[in-house]
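First up is the structure itself, then whatever we jot down about it.
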Amino acid sequence: MQVDALWRDSGGAGDSAQRQCFLAVEVFEQRADGHTVFFGADTLRIAELDDIARRFPDLDLALLPVNGLRIRPALNRQVVMDAIEAADLARVLRPRLAVPMHYAFSSGPLGDRLMTKGDRAGAERFRAAAADLAPETKVQILPTGQALLV
């Protein structure tokens, strides 16, 4: 198996917005047994992710975060892409199969009210948006604990 860590610094040290985008992007592409997998981690939808499609044009699987996680004390700053943004990324990446992830994330009862805000319906929103934006990509929603064999 080969694992490539991909990132791109989209700004200089003086631009905090661009620096935050850089820090939020943690992307892995893995090749095993001839299959190519994109793991989106806790990624924001930024233009630099479009480079993945050019670098790896034949993706078998894309694991995409869909909860649109926001940090309440940071004025609801979004730190993870939402379902619509993930569907747009699926459109660009053109994987054969896309699996939404992080849709069941919780900071706990108190943390959900005070610290974070996410979309628990993100997986179904992603399925609907991907049907429109990336109709050639099959979407599979995995219940917590269910394995996927590719």
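Worth knowing before you read on, the calculation uses all heavy atoms, side chains too, and leaves out hydrogens, waters and symmetry mates.
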* **Full working for side-chain contact (heavy atoms from CB on, under 4.5 Å) between Arg72 and Lys117** => CA-CA 7 Å; Arg72 293 179 193 273; Lys117 179 181 179 182; 3.6 Å; yes

* To do: Could you walk me through whether Val80 and Phe105 pass the side-chain contact (heavy atoms from CB on, under 4.5 Å) test, one step at a time?
  => CA-CA 12 Å; Val80 177; Phe105 174 80; over 6 Å; no

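- Rounded to the nearest 0.5 Å, atoms CG (Leu89) and CD1 (Ile84) are 13.0 Å apart.
- Of the possible donor and acceptor atoms, none in the side chain of Glu124 sits under 3.5 Å from a partner among the backbone N and O of Ala121.
- If you take CG on Leu142 and CG on Leu63, they are separated by 8.5 Å, rounding to the nearest 0.5 Å.
- Taken from OG1 in Thr116 to CG in Leu69, the straight-line distance is 5.5 Å, to the nearest 0.5 Å.
- Partners of Arg96 according to the salt bridge (charged side-chain N to carboxylate O under 4.0 Å, His left out) rule, which considers only residues two or more places apart in sequence or in another chain, are Asp60.
- Summarising the geometry of Ala129 relative to Ala83, their closest heavy-atom pair is CB-O, 4.4 Å, with the distance given to 0.1 Å.
- Taking every heavy atom of both residues into account, Asn67 and Tyr103 meet most closely at CB-CA, 4.3 Å.
- Under the 4.5 Å side-chain criterion, counting only non-hydrogen atoms from C-beta, Gln140 is not in contact with Arg127.
- Minimum heavy-atom separation, Ala53 to Leu93: N-CD2, 3.8 Å.
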* For side-chain contact (heavy atoms from CB on, under 4.5 Å), just list the numbers for Phe38 and Leu61, CA-CA rounded to whole Å, side-chain angles, deciding distance to a tenth of an Å, and then say yes or no. => CA-CA 6 Å; Phe38 171 80; Leu61 172 64; over 6 Å; no

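- For the atom pair Arg77 CZ and Leu44 CG, the distance stands at 7.5 Å (nearest 0.5 Å).
- Taken from CG in Leu97 to OG1 in Thr137, the straight-line distance is 8.5 Å, to the nearest 0.5 Å.
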* **Pair Asp50-Arg55, salt bridge (Lys or Arg N to Asp or Glu O under 4.0 Å): steps then yes or no** => CA-CA 9 Å; Asp50 293 359; Arg55 188 166 173 189; over 6 Å; no

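- Grouping the Ile, Leu, Val, Met, Phe, Trp and Tyr side chains by contacts below 4.5 angstrom, directly or via other members, places Phe126 with Leu59.
- For the salt bridge (charged side-chain N to carboxylate O under 4.0 Å, His left out) test, residues two or more places apart in sequence or in another chain that qualify with Arg120 are Asp112.
- Residues satisfying the salt bridge (charged side-chain N to carboxylate O under 4.0 Å, His left out) test with Arg125, not counting sequence neighbours, are Asp119.
- The two residues Pro100 and Ile141 have their closest heavy-atom pair at CG-CG1, 3.8 Å.
- Cluster annotation: Leu148 is connected to Val37 through the hydrophobic network of ILVMFWY side chains, with a link wherever side-chain heavy atoms come within less than 4.5 Å.
- Taking every heavy atom of both residues into account, Ala134 and Ala87 meet most closely at CB-O, 4.3 Å.
- In this structure, CE on Met81 lies 9.5 Å from NE2 on His102, to the nearest 0.5 angstrom.
- The heavy-atom pair separating Ala90 from Pro95 by the smallest distance is O-CD, 3.4 Å.
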* Given side-chain contact (heavy atoms from CB on, under 4.5 Å), test Leu64 with Met101 step by step and report yes or no. => CA-CA 6 Å; Leu64 301 171; Met101 61 182 191; 5.8 Å; no

